[in-house]
Amino acid sequence: MAENVKPPRGKRPRIPMKEQEASARIRNFSEVPLGYTPEEAVEEADRCLQCKNPTCISGCPVNINIKEFIGQIVSGDFRAAITTIKRDSSLPAVCGRVCPQEEQCELKCVMKKTNNPINIGGLERFVADWEAANPGAEAVLAEKKKDKAGKPVKIAIAGAGPAGLTVAGDLAKMGYTPVIFEAMHIAGGVLIYGIPEFRLPKVIVQREVDYLKRIGTEFHLNVVIGKSYTLDDLKQMGFKAVFVGVGAGTPMFLGIPGENLKGVYSSNEFLTRINAMKGFLFPEYDTPVKIGRRVAVVGAGNVAMDSARWSKRLAGVEEVSIIYRRSEAEMPARIEEIHRAKEEGVVFRLLTNPVEILADDKGWVRAVKCVRMELGEPDSSGRRKPVVVPGSEFEIGVDTVIPALGTKANRLLTSDVPGLKLTQWGNIEINEATGETSLPGVFAGGDITTGSATVIAAMGAGRKAAKAIDDYLQKVDS
Ligand code: FAD
């Protein structure tokens, strides 16, 4: 009898989410974590203490009512749970998978004190996937807004990443007609071209795009705002306001000799070829990804982990290493992604910094020359500064090098817009509360205003901007 008595809530261990074994998953491209069953989700949700003052909510950049949706899972009302989440987040199936919950809501969960926080991301993913399998009533839309001439009120959106998609969803629900212009041949931004299939299946992103189309969003692909049309052109075309959500897609490089050799890919090109252009399905898709036997990825953020883990899955690759100049404690990637990369056999060469990429006699990469580093005093980022160990040069034999150091603002749109204020890093300056830029009727949000950040931050910015665009249009109309 006694073994059936459950321990008190605060003492129950977190319900693990099943996932593919490392040895199996490096031979396929499918998602690694497999999600909760309804029984597991209810059991995990039932660990929640339902705090009187739920601190987890303040850890969520869009303030999802986490306590409420978890309570609804416990009562088995999954429809109510997804409705609660969707009040504040338009991409729960995405955020449940890729949000850094360990630094946000789960960090603030009171059970974090015992290292046992509720798996909030896992539960969000569960209800979002449940809804996809059990479609219900669609969102109630406001009556379509018309201008004085009886035409739909159109808002232009540059960029179809999480920021642009969120603005479109919110504006469509308010009755506007959002028109998205996307530079690539496919909508989704980093969700499509950056984050790998095995972390975020692309059908999930496509589902969101299809939904936006159903509620009246127009998509124009292969259109580069700043080149195909300027912001002024958009005004002339009759758009009442513009939202700029073009992300921060310019890759950063090491700036060392040999970076232009054959066999060096920027992480952007590497990931875009594989993800957005389906190089992982070559030759079914006509995108070859030429890769050697030994791959070195430089950097230790999410982009680096994604590049390394993709490399492990590509045919012919024998060794993949991460080269990083600081120690494990300073690695910026999500802990679970670092853990998975290790499980998959990625070698971590820490306190190591590349100083030159060396070529063979045909101009292909043959090695990376590195120096050993040690950590000195903290620098301006608060992290201990890596310092070169004198006389420590050595070579690592590799045939492919992928610098994955992060990205910065792409100036295609912003470089030639008189009056548009930019920060010293080339990001668009905005009013944080509204997304207003220095140009009337032009709003911005997401990575183009913050530099590379997170999906949920881009969505939160999109949400604020949609509300501000509505306020702005009501003002200019009255
Ligand atoms: P983006 O997603 O970059 O979308 C911008 C869109 O604008 C793109 O589709 C681009 O093609 C388009 N565009 C650019 N210029 C123009 C133009 N001139 N005209 C028209 N369209 C244009 N965040 C997380 O929260 N969790 C993660 O696990 C995570 N992993 C990541 C992994 C990788 C490899 C990368 C690169 C980023 C990752 N991020 C992660 C960061 C996150 O994806 C971004 O912060 C987020 O996508 C930013 O959204 P956005 O809408 O501002 O920009």
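When a ligand or atom number is given, it counts from 1 through the structure's own listing order. Computed from heavy atoms alone, side chains included, the values below leave out hydrogens, waters and symmetry copies.
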Practice task
For ligand 1, indicate whether the residue T407 contacts it via side chain, backbone, both or neither (heavy-atom separation under 4.0 Å).
Solution key: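 Neither part.
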Practice task
Answer with side chain, backbone, both or neither: which part of E337 has a heavy atom less than 4.0 angstrom from an atom of ligand 1?
Solution key: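 No part of E337 comes within reach of ligand 1.
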Exercise for the section: Answer yes when K290 and D399 have at least one side-chain N-carboxylate O distance shorter than 4.0 Å, and no when they do not. Expected result: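 No.
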Work out whether the distance between some heavy atom of [X] and some atom of ligand 1 is less than 4.0 Å.
| X | value |
| --- | --- |
| S452 | no |
| G249 | no |
| R199 | yes |
| G226 | no |

Closest protein heavy atom (residue, atom, distance) for [atom]:
| atom | answer |
| --- | --- |
| atom 14 (C) of ligand 1 | V246 O, 3.2 Å |
| atom 25 (O) of ligand 1 | V455 N, 3.0 Å |
| atom 10 (C) of ligand 1 | E182 OE2, 3.5 Å |

Practice task
Could you tell me which atoms of ligand 1, counted from 1 in the order shown, lie closer than 4.0 angstrom to a heavy atom of V224?
Solution key: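 Atoms satisfying the 4.0 Å criterion: 18 (N), 19 (N).
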Problem - Which of the ligand 1 atoms, numbered from 1, are nearer than 4.0 Å to a heavy atom of F181 - result: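 Near F181, the atoms of ligand 1 are 20 (C), 21 (N).
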Problem - Contact check: C99 vs ligand 1, nitrogen or oxygen atoms, below 3.5 angstrom - result: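 In this structure, C99 places no N or O atom under 3.5 Å from an N or O of ligand 1.
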Problem - Rounded distance (nearest 0.5 Å) linking atom CH2 of W425 with atom OG1 of T450 - result: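 Going from CH2 on W425 over to OG1 on T450, the span is 11.5 Å.
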